[in-house]
S.K.: 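Can you read through this structure? Questions will come right after.
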Protein chains: 2
Amino acid sequence: MNVMNDSPRRKELTRQAAQLFVQEGFDRTTVRMLAQEMGIKSGSLFHHFRDKQEILAAVIEEGTQNALVIAKAALEQCDNSAEARLQAMARAHLETLLTDRNAHVVALYEWRRLDPEARDHLSHLRDAYEALWEAVIDAALAERLIHGDRFLVARFVMGALNWTVRWYDPAGSRSPDDLAHELVAMITHRA
Amino acid sequence: MNVMNDSPRRKELTRQAAQLFVQEGFDRTTVRMLAQEMGIKSGSLFHHFRDKQEILAAVIEEGTQNALVIAKAALEQCDNSAEARLQAMARAHLETLLTDRNAHVVALYEWRRLDPEARDHLSHLRDAYEALWEAVIDAALAERLIHGDRFLVARFVMGALNWTVRWYDPAGSRSPDDLAHELVAMITHRA
DNA sequence: GGGTCAACCAAGCAAGCGCTAGTGTAAATG
DNA sequence: CATTTACACTAGCGCTTGCTTGGTTGACCC
């Protein structure tokens, strides 16, 4: 057992692990399966990660960090209107789900498999992401673009968006932009 | 190894299994843990269920069947207006999540652990439930109470509702009725 | 009062699990 | 040239897993 830096090699291994975790689930994915997918033997795996748990944490950290970066970038390069910002966030969320699908599915489904320390560390990242959403929703409420309880609206919207991993087909006819449009139209109270 | 009827004993065992599956996840729940929770030895478990998979299927079937019954009852004893029916469905959904929480959390999180035959059988049940939703949403669209794509609206709404298992606290100050109200208000386009 | 049957138990098997120990080797570093 | 580093290998330990086997118990039935 050795390092725990973020070498490029480790990044690639993390990506491949995410793929398997989605296919099989974390518990059903054995270190031998992971090693085979990575083209090495199971013993060699522990040169890159302290243990199996750390692979899961790495997958989720990678995905969440990307989501944060993308969402921030989307907010920076869009209008200041509440509607534009709402739409930018929704679209960014869906695009992350598309480009970084595996990591996010893992984050949604296997969160409970994290040990307490990892969960604690990663929930800070997740909170930072959700704070972006809440700021945008607050602004929309202030402009009276949407109505209702701040807390509830945020959770309803995130639920609707996160649920898309269950049914959204990136190869289908609908683009993330379309979906974001429809969602904003649904909750918006103007013509 | 023996029967696979639906004796009252089996119902009770199923209920206890659901509890453990929620706490630990399906894969991490061992037959020895299940047996201990049930007050029997692990070998005796296989008198009631063919294998571990069948316990999972039993849990999910029970929960989905209950949801169907409750939703149908709610629709029968409410106004014919689209808004009332929308609210009745949302409220029924949330109440099921409250009274039958364990089974539904399992259905949401462990669906992928079902083997293909069980998944096929249970997806028919789930489709019947979703059909109720789509009928109600169709009516609301026809009345122009809500706008948008039938398919997308249905999935956004179900996502928002199912996501509640992540954050909703039944002991908190909000009732299922409150939540249903807020959700309908959010997507509704009238004063 | 012999037969039936659901319900349970003790014991254990074969397979698979996460992880470790110790070693080899090619490239980078001093 | 000598040493360190990064990465991979083989071999296997200690343990848990889902499930099976072979048998016992006690309530009910004609």
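Lettering follows sequence order; numbering is per chain, from 1. Remember, it's a predicted structure, so these values are computed and weren't measured experimentally. Computed over heavy atoms, backbone and side chain alike; hydrogens, waters and symmetry mates excluded.
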S.K.: Is B/Asp169 paired with B/Arg174 through a side-chain N to carboxylate O contact shorter than 4.0 Å?
M.R.: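 Salt bridge: no.
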S.K.: Roughly, in whole Å, what's the span from NZ in A/Lys52 to C1' in C/dT20?
M.R.: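 In whole Å, C/dT20 C1' and A/Lys52 NZ are 17 Å from each other.
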S.K.: To the nearest Å, how far apart are A/Asp51 CG and C/dT20 C1'?
M.R.: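 My rounded result for the distance is 13 Å.
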S.K.: Report the distance from atom CZ of A/Arg50 to atom P of C/dG18, rounded to the nearest whole Å.
M.R.: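 These atoms are roughly 18 Å apart.
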S.K.: Report yes if the distance between the aromatic ring centroids of A/Trp167 and B/Phe151 is under 6.0 Å, otherwise no.
M.R.: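 Yes, the ring of A/Trp167 comes within the 6.0 Å limit of the ring of B/Phe151, centre to centre.
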S.K.: Using a strict cut-off of less than 4.0 Å between a Lys/Arg side-chain nitrogen and an Asp/Glu carboxylate oxygen, indicate whether B/Arg85 and B/Asp79 qualify as a salt bridge.
M.R.: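 Answer for the salt bridge query: no.
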S.K.: Atom CG in A/Leu152, atom CG in B/Leu183: separation rounded to 0.5 Å?
M.R.: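 Reported to 0.5 Å precision, the distance equals 9.5 Å.
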S.K.: In whole Å, I'd like the distance from the CZ atom of A/Arg28 to the P atom of D/dT16.
M.R.: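 Whole-Å distance recorded here is 20 Å.
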S.K.: Using whole Å, report how far CD of A/Gln36 lies from P of C/dG16.
M.R.: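 Answer to the nearest Å: 14 Å.
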S.K.: Rounded to whole angstrom units, what separation is found between the CE atom of B/Met38 and the C1' atom of C/dA7?
M.R.: 14 Å
S.K.: Mind telling me whether B/Tyr129 and B/His93 have parallel, tilted or perpendicular rings, with 30° and 60° as the class edges?
M.R.: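 The rings of B/His93 and B/Tyr129 sit tilted, inter-plane angle from 30° to 60°.
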S.K.: Atom pairs, N/O to N/O, protein against nucleotides 8-12 of chain D, distance under 3.5 Å?
M.R.:
unit_1	atom_1	unit_2	atom_2	d
D/dA8	OP1	A/Arg9	NE	3.3
D/dA8	OP1	A/Arg9	NH2	2.9
D/dA8	OP2	A/His48	NE2	2.8
D/dC9	OP2	A/Lys41	N	2.6
D/dC9	OP2	A/Ser44	OG	3.1

S.K.: For the pair made of CD in A/Glu12 and P in D/dC7, what is the distance, rounded to whole Å?
M.R.: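 After rounding, the reported distance stands at 14 Å.
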S.K.: How close or far is atom C1' of D/dT21 from atom CG of B/Leu45, stated in whole angstroms?
M.R.: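 To the nearest whole Å, that distance equals 16 Å.
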S.K.: Closest approach of B/Thr64 and B/Ile60, non-hydrogen atoms and distance?
M.R.: OG1-O, 2.8 Å
